[in-house]
Trainee: 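Just passing along the structure, written as structure tokens.
Residue numbers count from 1 along this sequence.
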Amino acid sequence: MSATTVPSASQIEVPETLLKKRKQNEKAREEKLKAAAEAKKASKARRKIVFKRAEKYVQEYLSKEKEEIRVRRAARAAGDFYVPAQAKVYFVVRIKGISEIAPKPRKILQLLRLLQINNGVFVKVTKATEQMLRLVDPYVTYGEPNLKSVRELVYKRGFGKVDKQRIPLTDNAIIEAALGKFDILSVEDLVHEIYTAGPNFKQASNFLWPFKLSNPTGGWRTRKFKHFIEGGDHGNREGNINKLIRQMN
């Protein structure tokens, strides 16, 4: 009885379809690795840009603060009054409900996206927004937020609007995906755009979901039908809005 010869591995013919599949898998793997390496490289480059921008913003804010101090001192030395520049941005908070609101103020509150009590939004100061705020004055309080307030609101209470969903700003990638085309890549870019009322303020502000704030610590000052300057709560409180933000944040 003759012995059966077993073909060696080198003699076994691999089907052509299997060879093609192996090549495709290998190619896909190489492309995946290449894409991952490129993504890592791009992410590193973006982090570098974000870091450099953050440093630049800090220098810009410090320079502005020093100039403000210098001008104040110069005015005091000359015996003059220092008049600060007009506000560029307001932070507006709704303090009253919907009962007994006329149709026009109701519509304006909707346009401002102030749909609930203690909702807050950033608004660019223009002639049109000033007129709108005058019409809803009894239902809101507002003023000029400082850098600390803008930063704390965005970092602590900030949510973005992504596909009509309220998404927490846990990653710069969320901001870049929504606002990258406006050169807003990070939370610091977003803060800077809002605080300085930059050219893409509207897009940045609309991306931010209206802030949901708490009742102020210690409650409101008095009944809400009185204006702030009369000891009440509604209307323009200028720089005092920052104290209220601390109490509500």
Side-chain angles (χ1 to χ4, degrees), residues 39-75 82-93 113 120-126 129 142-162 166-213 237-249:
K40 191 176 179 182
K41 190 178 176 182
S43 177
K44 193 175 179 181
R46 267 198 308 275
R47 280 200 303 272
K48 199 172 180 181
I49 291 168
V50 166
F51 183 72
K52 280 189 175 180
R53 281 189 185 180
E55 283 188 325
K56 179 187 158 196
Y57 296 151
V58 168
Q59 292 305 316
E60 186 182 319
Y61 301 144
L62 286 172
S63 178
K64 184 182 175 184
E65 193 178 327
K66 284 177 183 176
E67 179 62 14
E68 186 96 353
I69 292 167
R70 188 194 67 76
V71 174
R72 280 180 186 276
R73 285 176 178 169
Y82 171 69
V83 181
Q86 188 181 356
K88 291 181 180 179
V89 178
Y90 285 146
F91 186 68
V92 187
V93 182
R113 302 184 297 144
V121 293
F122 292 110
V123 173
K124 193 171 187 175
V125 180
T126 64
T129 54
Y142 60 96
E144 184 180 7
N146 57 27
L147 176 61
K148 184 181 179 184
S149 293
V150 175
R151 184 175 273 134
E152 282 184 358
L153 283 165
V154 173
Y155 273 95
K156 190 175 175 182
R157 297 268 186 175
F159 284 78
K161 186 164 60 180
V162 179
R166 186 170 177 261
I167 306 296
L169 302 179
T170 53
D171 194 328
N172 285 335
I174 297 166
I175 296 166
E176 186 179 354
L179 300 171
K181 58 188 170 185
F182 305 110
D183 201 31
I184 299 172
L185 310 176
S186 66
V187 178
E188 278 304 317
D189 284 347
L190 189 58
V191 168
H192 185 262
E193 194 69 23
I194 294 292
Y195 177 62
T196 61
N200 297 305
F201 175 90
K202 185 180 177 182
Q203 289 82 1
S205 179
N206 286 340
F207 166 72
L208 284 168
W209 200 279
F211 295 90
K212 294 185 177 185
L213 305 174
R237 54 178 72 203
E238 299 176 346
N240 290 298
I241 192 69
N242 296 293
K243 184 180 178 183
L244 181 66
I245 290 169
R246 303 279 115 67
Q247 292 172 333
M248 297 182 78
N249 199 356

Trainee: Measure the spacing between CG of L62 and CD of Q59 and express it to the nearest 0.5 Å.
Mentor: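 Rounded to the nearest 0.5 Å, the CG-CD separation comes out at 6.0 Å.
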Trainee: Mark yes or no for whether S186, through its side chain, and N172, through its backbone, hold a donor-acceptor pair below 3.5 Å.
Mentor: no
Trainee: Is there side-chain contact between F207 and I184, with heavy atoms separated by less than 4.5 Å?
Mentor: no
Trainee: Is L244 close to F91 at the side-chain level, that is, under 4.5 Å between some pair of heavy atoms?
Mentor: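 Answer no - side chains too far apart.
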Trainee: Do K212 and R166 touch side chain to side chain, with heavy atoms closer than 4.5 Å?
Mentor: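 Of all side-chain heavy-atom pairs linking R166 with K212, at least one is under 4.5 Å.
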Trainee: Kindly say whether L147 contributes a backbone atom to a donor-acceptor pair with the side chain of N242 at under 3.5 angstrom?
Mentor: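 Side chain of N242 to backbone of L147, a donor-acceptor pair under 3.5 Å: no, none is there.
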Trainee: Can you find a heavy atom in the side chain of Q203 that is under 4.5 Å from one in the side chain of K181?
Mentor: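 Answer no - side chains too far apart.
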Trainee: Contact between L169 and L190 at the side-chain level, heavy atoms closer than 4.5 Å - yes or no?
Mentor: yes
Trainee: Say you draw a straight line from CG of L153 to CE of M248; how long is it, rounded to the nearest 0.5 Å?
Mentor: 10.0 Å
Trainee: Going through the distances and angles, do R151 and E188 end up as a salt bridge (charged side-chain N to carboxylate O under 4.0 Å, His left out)?
Mentor: CA-CA 8 Å; R151 184 175 273 134; E188 278 304 317; 3.1 Å; yes
Trainee: Using side chain to side chain contact (heavy atoms under 4.5 Å, CB included), reason through R53 and H192 one step at a time and then give a plain yes or no.
Mentor: CA-CA 10 Å; R53 281 189 185 180; H192 185 262; over 6 Å; no
Trainee: Between Y61 and Y195, what is the ring plane arrangement, given parallel below 30°, perpendicular above 60°, and tilted in between?
Mentor: perpendicular
Trainee: Please report the interatomic distance CD(E193) to CZ(F122), rounded to the nearest 0.5 Å.
Mentor: 12.5 Å
Trainee: Within the 4.5 Å heavy-atom criterion, are S205 and I194 side-chain neighbours or not?
Mentor: yes
Trainee: If you look at every heavy atom in V89 and A197, which pair is closest and at what distance?
Mentor: CG2-CB, 3.6 Å
Trainee: Who passes side-chain contact (heavy atoms from CB on, under 4.5 Å) against K148, sequence neighbours left out?
Mentor: N146, E152, R246
Trainee: Could you check if a side-chain atom of W209 sits within less than 4.5 angstrom of a side-chain atom of R113, using non-hydrogen atoms only?
Mentor: no
Trainee: Look at atom NZ of K88 and say whether more than 12 heavy atoms of other residues, nucleotides or ligands are closer to it than 6.0 Å.
Mentor: no
Trainee: Would you indicate whether the side-chain heavy atoms of D189 and D183 approach each other to under 4.5 Å?
Mentor: no
Trainee: From T170 OG1 over to F159 CZ, what is the distance, rounded to the nearest 0.5 angstrom?
Mentor: 9.5 Å
Trainee: What's the separation between atom CD1 in I49 and atom NZ in K56, rounded to the nearest 0.5 Å?
Mentor: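 NZ of K56 is found 12.0 Å from CD1 of I49.
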Trainee: Could you pull out the closest heavy-atom pair between L185 and G180, with the gap in Å?
Mentor: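 Shortest heavy-atom separation between L185 and G180 comes out as CD2-CA, 4.1 Å.
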Trainee: So how far is it from L208 CG to R157 CZ, rounded to the nearest 0.5 Å?
Mentor: 14.0 Å
Trainee: Identify the two heavy atoms, one from I245 and one from S149, that lie closest to each other, and give their separation to 0.1 Å.
Mentor: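 Scanning both residues, the minimum pair turns out to be CD1-CB, 3.8 Å.
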Trainee: Hey, is CZ on F51 packed in by over 12 heavy atoms from elsewhere, all under 6.0 Å?
Mentor: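 For F51, atom CZ is not crowded (no more than 12 foreign heavy atoms under 6.0 Å).
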Trainee: Does the pair K64 and E67 meet the rule for a salt bridge (charged side-chain N to carboxylate O under 4.0 Å, His left out), with working shown?
Mentor: CA-CA 5 Å; K64 184 182 175 184; E67 179 62 14; over 6 Å; no
Trainee: Of all heavy-atom pairs between L179 and A204, which one has the smallest distance, and what is that distance?
Mentor: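 Taking L179 first and A204 second, the nearest heavy atoms are CD1-CA, 4.2 Å.
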